[in-house]
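One structure below.
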Amino acid sequence: MLPAGTEGASMPASPAWQHIEDVVRKVMRRYGFEEIRTPALEPTALVARGIGQATDIVQKEMFTFEQGDAGYVLRPEVTAPVMRAYLQHHLGQRGGVQKLFYVGPCFRAEKPQKGRFRQFHQFGSETIGAADARADAETVALMADVYREFGLRQTRLRLNSLGSPPDRKRYRQALTDYFAPYENELSETSRRRLRQNPLRLLDTKIEHEQRLLEDAPRLLDFVDDGSRAHYDEVKGWLDHLEIPFEEDPLLVRGLDYYTRTAFELESGALGAQSALAGGGRYDLLAEALGADEPVPAVGFAAGIERLFLALEAAGYDFPPDPAADVFLAAIGEEAERFVFEKARALRRAGLSAETDLMGRSLKAQMREANRSGAPHAVIIGGNELEAGRASVKHMATGEQTEVAFDGLTAFLLEQRAGGQPAEAEAAQDT
RNA sequence: GGGACCGUAGCUCAGUUUGGUCCAGAGCAUUCGGUUGUGAUCCGAAAGGUCGAGGGUUCGAUUCCCUCCGGUCCCCCCA
């Protein structure tokens, strides 16, 4: 039995899935980001320090286990691991800003539902070493361009500034004070949040509480001048790039390492889990992981499964499954030996060639040839072996011609290069 | 962690209401065949399921009850 919420991860890698990754990598490279691969396994302490003890992820969503004295965790996200790699391998010494991206699996021990899995896949970018607001804007632009590349326009980009930890501490207090008189009107979960993590109150879905929030203090009013100036700059650069966004004073993120800029991209077509991607600045993460000095950084993370859902909802045209160039059918043992070797020769010439591996009838082989999507089937039996010429059937038209064994590779290469069916006759003379 | 619904062939599902020869079925997919060596169509046949698992009630359980496992969706939270 598979662990819950890991279903899709064990299916054969579909062309659609690979297509998504291809597009992601393409856009990432346009922006000059390098791919980095970090282990799926990380020390529990790294994740706990990086993401924050008080977060849901660390408190209840990690797959952890002990090995000797050490505690490990299947990574629930990739930003902390990338920062660990950056520090451990002194990537900053390479000079300049480090622009890294990743694509890979993450794990969270949540109850699975639509758009949420225990093993899921994220891609994202991390721009490490840049405090400039343009780094924030570039991250947002990169994220937006990935979705734009897929033609997804029904998305909503929300933006906010979280300021610095002292700012948030003062804001937390103000929020607590504001809600104190209303405590009896709050739901049980909201009362719990008020004590444990007041910022979470901001995304309550209870109408009454939302009305209370309208007059509640705003995080942005507690943000220090530096953060405010930075926020204004980020908005300026986004305007400059003509990237539409909404300011959302209620936007907070679930991980402790965020500072200043926070953003989230939503889709309307995803059901309960509408967040496609999110990110922000995390200038304090490096120090939390043991760095001697602050390392400014900003990044985003996106869910591939959710992108997939959004694409399906939008009726996205995935590229068709790649078809073989040719299917080789054999009749009789001698022909089977010939075909098996010929297929390898074609493959070494760069063609995608398929053959029967079950000793099936010609009829069954032709069915298989049809299924393979190969434009041509090559039939070789006693007659062909005697004549030294293969029967080549053009599957779409049903027309069949003969091609000398010696010229078969060249013929098929030419066909793949865009030769028309009509040229088949011409080619058979070569 | 809490809630709702669901588990019958590889896939999509019927059958369970009122337990017993319409209870083990259909479509698609698969394999083979429709005379000697030709695919997507058509026709025919075959193969394929301990009816999620275990226990209970009963003369008898896919059907009723309990437990467990799994799935889906929702709350929480997030990608």
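- Nucleotides B/C64 and B/U17 have their C1' atoms positioned 12 Å apart, rounded to a whole Å.
- No engagement by A/Gly332 is indicated, since no non-hydrogen atom pair under 4.0 Å with the nucleic acid exists.
- Using a 4.0 Å heavy-atom cutoff across all strands shown, A/Gln365 reaches no nucleic acid atom at all.
- Contact annotation: A/Arg118 does not reach the phosphate of B/G70 (side-chain N/O to OP1 or OP2, under 4.0 Å).
- Residue A/Gln400 is in base contact, counting any heavy-atom pair closer than 4.0 Å across all strands shown.
- The same atom, C1', is picked in B/G49 and in B/U12; the two are 15 Å apart, to the nearest Å.
- Across all strands, A/Gly124 comes closer than 4.0 Å to no nucleic acid atom at all (heavy-atom distances).
- Contact between the side-chain N/O atoms of A/Gln113 and the OP1/OP2 oxygens of B/U72 is not found at any separation under 4.0 Å.
- For the residue pair A/Glu209 / A/Tyr182, no side-chain donor-acceptor distance below 3.5 Å is found, with atom types taken as modelled.
- Here the separation of B/C65 from B/U58, taken at their C1' atoms, is 12 Å to the nearest Å.
- The residue A/Arg108 sits close to a base: some heavy atom pair falls under 4.0 Å.
- When the shell of 6.0 Å around CZ of A/Arg347 is examined, it contains more than 12 heavy atoms from other residues, nucleotides or ligands.
- Classification of the A/Tyr147-A/Phe123 ring pair by plane angle, with boundaries at 30° and 60°, yields tilted.
- A/Ala364 comes within contact range of the sugar-phosphate backbone alone, with a heavy-atom separation under 4.0 Å but no base atom that close.
- Residue A/Glu384 is in base contact, counting any heavy-atom pair closer than 4.0 Å across all strands shown.
- One cannot find a donor-acceptor pair under 3.5 Å joining the base of B/A79 and the side-chain atoms of A/Glu264.
- Residue A/Arg371 places none of its side-chain N or O atoms closer than 4.0 Å to OP1 or OP2 of B/A29.
- Using N1 to N3 plus N6-O4 or O6-N4 for Watson-Crick, or N1-O2 and O6-N3 for G-U wobble, each under 3.5 Å, B/A46 pairs with B/U30.
- Across B/G27 and B/U38, the matching C1' atoms stand 28 Å from one another, rounded to whole Å.
- The separation of B/A4 from B/A9, taken at their P atoms, amounts to 26 Å, rounded to a whole angstrom.
- One finds no salt bridge joining A/Glu341 and A/Arg337 here, because no Lys/Arg side-chain nitrogen approaches an Asp/Glu carboxylate oxygen to under 4.0 Å.
- Between B/C66 and B/C5, the distance separating the two P atoms is 13 Å to the nearest Å.
- A gap of 34 Å separates the C1' atoms of B/C22 and B/C68, to the nearest Å.
- A/Arg367 places its CZ atom 8 Å from the C1' atom of B/G39, with the value rounded to the nearest Å.
- Contact annotation for A/Lys114: backbone-only contact, meaning every heavy-atom pair under 4.0 Å involves sugar-phosphate atoms and none involves a base.
- Taking atom OH of A/Tyr258 as the reference point, atom C1' of B/A79 lies 10 Å away to the nearest angstrom.
- In this structure, the CD1 atom of A/Ile331 is 4 Å from the C1' atom of B/G37, given to the nearest Å.
- Note on A/Ser361: a side-chain N or O is less than 4.0 Å away from OP1 or OP2 of B/G33.
- Between A/Arg116 and B/C76 there is no side-chain polar atom (N or O) within less than 4.0 angstrom of OP1 or OP2.
- Across all strands, A/Ile304 comes closer than 4.0 Å to no nucleic acid atom at all (heavy-atom distances).
- Here, B/U67 and B/U57 have their C1' atoms 15 Å apart, quoted to the whole Å.
- With no hydrogens or angles considered, no side-chain donor-acceptor pair links A/Arg84 and A/Thr38 at under 3.5 Å.
- Within a 6.0 Å sphere centred on CD of A/Gln400, other residues, nucleotides and ligands contribute more than 12 heavy atoms.
- Under the Watson-Crick or G-U wobble criterion, with both distances below 3.5 Å, B/U67 is paired with B/A53.
- At whole-Å resolution of the value, CG in A/Leu328 and C1' in B/U38 are 15 Å apart.
- The base of B/U38 lies outside donor-acceptor range of the side chain of A/Lys363, with no N or O pair under 3.5 Å.
- Checking A/Thr139 against A/Asp136 by side-chain atom types alone, no donor-acceptor pair falls below 3.5 Å.
- Using a 4.0 Å heavy-atom distance criterion, A/Ala277 is classed as a sugar-phosphate-only contact.
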